[in-house]
Structure formats: structure tokens, C-alpha cells
Number of protein chains: 2
Amino acid sequence: MPKRRKPAGARGISEKKELLNTFLKEWGLKSTRQRDIIVTEFLKTGGHITAEDIYRKISKKHQDIGFTTVYRTLKLLVKSRLATERVFADNLTRYEPLSAEDHHDHLICLGCGSITEFENARMERLQEKIARESGFNTVAHKMELYGYCGRCGSGSRGGKKQPGTKKNAPAPQKNRNNR
Amino acid sequence: MPKRRKPAGARGISEKKELLNTFLKEWGLKSTRQRDIIVTEFLKTGGHITAEDIYRKISKKHQDIGFTTVYRTLKLLVKSRLATERVFADNLTRYEPLSAEDHHDHLICLGCGSITEFENARMERLQEKIARESGFNTVAHKMELYGYCGRCGSGSRGGKKQPGTKKNAPAPQKNRNNR
DNA sequence: ATGCATGCAAATCCTTTGCAACGAA
DNA sequence: TTCGTTGCAAAGGATTTGCATGCAT
């Protein structure tokens with residue numbers, strides 16, 4: 001019943017870039033080489049990516065693009081409603097492409113750090129119901145399931161770690177600074 | 001159906017302090033005046049409290065207790081399993097008393113910043129089911145509903161703010177540093 | 001030419017650590 | 001006396017900001 005979502009951002013990259021350009025024009029903002037590179041990389045990757053991920057990827061080819069610009073561009077994407085920010089248990093801000101009325105939650109593997117999206121209508125309804133019964137008016141929700149994916153088993157075997165640095169490994173508690 | 005939980009920590013403060021002392025003894029750790037003060041305040045307040053909240057409260061009477069000690073004591077409570085850490089959308093680490101097999105989620109008001117706990121068995125079952133169907137082995141979950149409580153209405157009226165500083169107001173996006 | 005964008009360095013913010021002085025056992 | 005504790009100051013780490021310079025429009 002929970003339906004796995006198709007990888008966001010796989011299709012329609014150029015359409016999204018078009019949307020961004022429209023947004024920029026409307027607000028009298030400028031379209032620059034850096035923004036194009038960053039946005040392209042962001043859309044190509046698809047989702048759940050940190051500012052540092054993007055910075056690392058693009059700085060191989062473009063050593064002249066600064067960390068700051070990556071952050072600023074990502075914020076810009078959020079403002080233009082092409083992306084949303086998410087913070088999982090590792091306390092790193094991740095960005096993912098936003099497709100309008102997109103509404104989904106996450107399964108996060110504590111073994112390999114992979115993040116899988118899912119959506120479940122029954123869950124949504126239940127959330128609404130709970131909120132209503134408490135006199136709440138829901139604006140947003142956040143639901144994350146932490147555990148071990150099929151590949152990583154129950155955690156005893158450890159699973160295969162992703163190549164990234166420590167920052168890519170979500171921790172049961174918090175492993176970042178923890179800032 | 002969602003059942004509101006009774007305010008944790010209202011009862012059994014001395015029993016909990018006893019548990020902590022036992023823990024300290026078992027590990028060859030020491031029982032100090034500062035720890036006692038901090039833990040008492042923590043248990044008295046009940047839950048969803050930040051290190052700064054506690055620091056502010058106790059430093060009125062005890063100007064000699066440092067921020068660092070508050071942090072360290074809170075971490076100690078987590079290790080001794082008397083408390084858990086939680087991070088909501090404002091990115092501040094909050095602590096709440098842990099009663100063994102406690103399992104609940106949160107409703108967070110964007111108006112007044114109040115945090116209400118709830119638990120719902122159907123929700124738990126649904127979460128398990130979703131995880132299982134995706135080949136996941138769930139270890140923990142996190143579910144937060146953001147919105148406006150009965151008192152704060154739909155947000156247009158703003159609601160009554162809590163006395164605290166800006167840090168007490170959860171933001172739709174993030175309002176802390178952010179970090 | 002304007003004025004938004006960029007990059008660097010410096011600043012923030014929360015949280016943690018190093019270290020010398022303290023104090024519980 | 002012996003170590004764990006404390007407080008302060010400083011370090012850390014992710015993210016943001018100030019400012020002079022650069023570059024779309």
C-alpha cells in the first residue's frame with residue numbers, strides 16, 4: 001500500500017530550469033553561470049542532497065565556485081519553490097526537488113545512509129485526524145522512519161557504507177558537531 | 001483515538017533521582033550539587049526543554065552553575081536513559097524525561113511554540129507496516145505535526161507568544177542561526 | 001552604467017572540548 | 001589522596017553575512 005515514488009528530478013530538468021529562470025526574471029534577479037551549474041547539479045542528483053555534497057561535486061570541475069554561492073543558490077531554489085529543505089537525524093540540511101503538491105515521508109537507513117521516499121494516503125489521513133481531534137490546525141508534518149534497509153539487514157552486519165565522509169552517515173542520536 | 005499523554009515528570013521525581021544516583025554509583029561517577037540542581041529542574045519542568053531553558057531557570061538562583069555543566073548533565077541523563085534528545089524544526093536540541101518504553105509523537109504549534117505529545121497505536125502499526133513492506137527493519141521513528149493549536153487559531157491572529165526569546169519560537173522553515 | 005551576484009573572510013549560533021582548579025569518595 | 005567534575009575560554013562545525021569586486025542586464 002505504501003507506494004514508492006519515482007526518483008524525483010530524473011525527468012524534466014530543463015523544464016525546471018525554465019521555471020527558475022522565469023522566477024529570476026520576475027524578481028529582477030540574474031541568471032548566472034554559477035547558478036546554472038549548481039542548479040543543474042542539484043536537479044541531476046535528484047534529492048536529499050546537502051550543500052556540501054553539491055559543492056564537492058561541482059568543485060571538481062569548477063574550483064572557482066564558492067561554498068557560499070552554493071548555499072545561497074539552494075536557498076534561492078527554496079524561495080522559488082523548486083526545492084525544500086529537510087533536516088534528518090544527522091542535523092545536516094538536505095535539499096530536494098519539489099514537485100508542486102508533493103507530499104511524502106522518508107525511510108532512512110542507519111546502515112548505509114540511504115534515504116527512501118514513500119507516501120501513504122492512509123497515513124496522511126490519520127495524521128489529519130489526530131491533529132483535528134487535538135484541536136490542531138495542521139500546516140505541515142514530518143515523519144521519518146529510521147532502521148535498516150533490506151541490503152543492510154538488522155544492523156549487526158553493518159551493511160555497506162556509502163563512499164562519503166562521516167557526514168553522510170545518519171546517526172541514531174546525533175553525530176554531527178553536533179552543532 | 002489519539003490519546004493525550006499525562007504530563008511526564010509530574011510524578012516520581014524523587015524516584016527518578018534515585019535511579020540517577022544508582023546509575024552514578026554503578027559507573028563510579030559522582031553525585032554533585034550541580035547535578036542535583038540541574039536534574040531537579042529538568043524533572044520538575046517535565047519535557048521538551050532546551051539546555052538554555054534550564055540554564056536560564058537555575059542561574060537565577062545559582063549564578064555559579066555554568067552552561068557547560070548543564071549540557072554535560074543533560075547528556076548524562078541521556079546516557080543513563082532518564083532522558084532523550086529531540087530536535088524539532090527550530091533546530092534546538094530539546095530534552096524530555098524518558099519513561100522506559102515510552103513511545104510518542106509531537107504536535108508543535110507554530111503560533112505559541114507549545115509542544116503537545118500524543119500517541120496513537122494505529123499510527124504505530126501503520127508505520128511498522130509501511131516499513132515492512134519496503135523491506136525495512138524499523139529501529140525508531142519520528143513524527144511531528146506542525147500547525148496551530150486551538151488557542152492560536154489558524155495563524156492569522158498570531159496567537160500569544162511564549163515569554164522566552166526568539167529561540168522558543170519554532171519556525172515554518174528554520175529561524176535559528178540557523179544553525 | 002546599475003545593482004544583483006560572487007567569493008572570501010569573518011561572524012553566528014549551538015554545542016563540545018581542553019585545561020587547571022575543585023570537591024566527592 | 002584520588003579521580004571524576006566544574007567553569008571558563010576556546011574550539012568546532014554548519015550556515016550566514018559584510019564588503020569590495022565582478023558581471024548580467
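Just so it is clear: chains get the letters A, B, ... in the order the sequence lines come, proteins before strands, and each one is counted from 1.
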*Separation of A:Phe88 atom CZ from D:dA14 atom P, in whole Å?*
17 Å
*asked:* Heavy atoms within less than 4.0 Å of DNA chain C: which residues of residues 21-42 of chain B have one? Give them sorted by number.
replied: B:Lys30, B:Ser31
*Phosphate OP1/OP2 of D:dT15 contacted by A:Tyr71 side-chain N/O (<4.0 Å)*: yes
*What integer distance in Å separates B:Leu74:CG from D:dT5:P?*
15 Å
*Salt-bridge test for A:Glu41 and A:Lys44: reply yes if a basic N is under 4.0 Å from a carboxylate O, no otherwise.*
yes
_A:Phe67 CZ - C:dC8 P separation (whole Å)_ = 12 Å
*Just how far, in rounded Å, is C1' of C:dA21 from CG of B:Asp64?*
15 Å
*Does the pair A:Glu144/A:Arg86 count as a salt bridge with the N-to-O cut at 4.0 Å?*
no
*With A:Ile58 as reference, evaluate A:Thr69, A:Thr40, A:Asp53, A:Val70 under the side chain to side chain contact (heavy atoms under 4.5 Å, CB included) test and give the passing residue.*
A:Val70
_Starting the side chain at C-beta, find the nucleotide from D:dA14, C:dC19, C:dT6 nearest to B:Arg72._
C:dC19
*Is the B:His106 to B:Phe88 ring centre distance short of 6.0 Å?*
yes
*asked:* Tell me the interatomic distance from B:Ile49, atom CD1, to C:dC14, atom C1', rounded to whole angstroms.
replied: 16 Å
*Reckon B:Thr93 has a side-chain N or O less than 4.0 Å from the OP1 or OP2 of C:dT15?*
yes
In residues 27-36 of chain A, what donor-acceptor pairs under 3.5 Å come from side-chain atoms, sequence neighbours left out?
residue: A:Thr32; atom: OG1; partner: A:Arg35; partner atom: N; Å: 3.2
residue: A:Arg33; atom: NH1; partner: A:Asp64; partner atom: OD2; Å: 3.4
residue: A:Arg33; atom: NH2; partner: A:Asp64; partner atom: OD2; Å: 2.4
residue: A:Arg35; atom: NH1; partner: A:Lys30; partner atom: O; Å: 2.7
residue: A:Asp36; atom: OD1; partner: A:Lys17; partner atom: NZ; Å: 3.2

*Rounded to whole angstroms, how far apart are OH on B:Tyr55 and P on C:dT15?*
14 Å
*Could you check whether the rings of B:Tyr55 and B:Phe67 sit parallel, tilted or perpendicular, using 30° and 60° as the cut-offs?*
parallel
*Measure from CG on B:Leu92 to P on C:dT12 and round the result to the nearest Å.*
18 Å
*Scan side-chain atoms only and decide if B:His104 and B:Glu96 contain a donor-acceptor pair under the 3.5 Å cut-off.*
yes
*To the nearest Å, how far apart are A:Lys75 NZ and D:dT15 P?*
8 Å
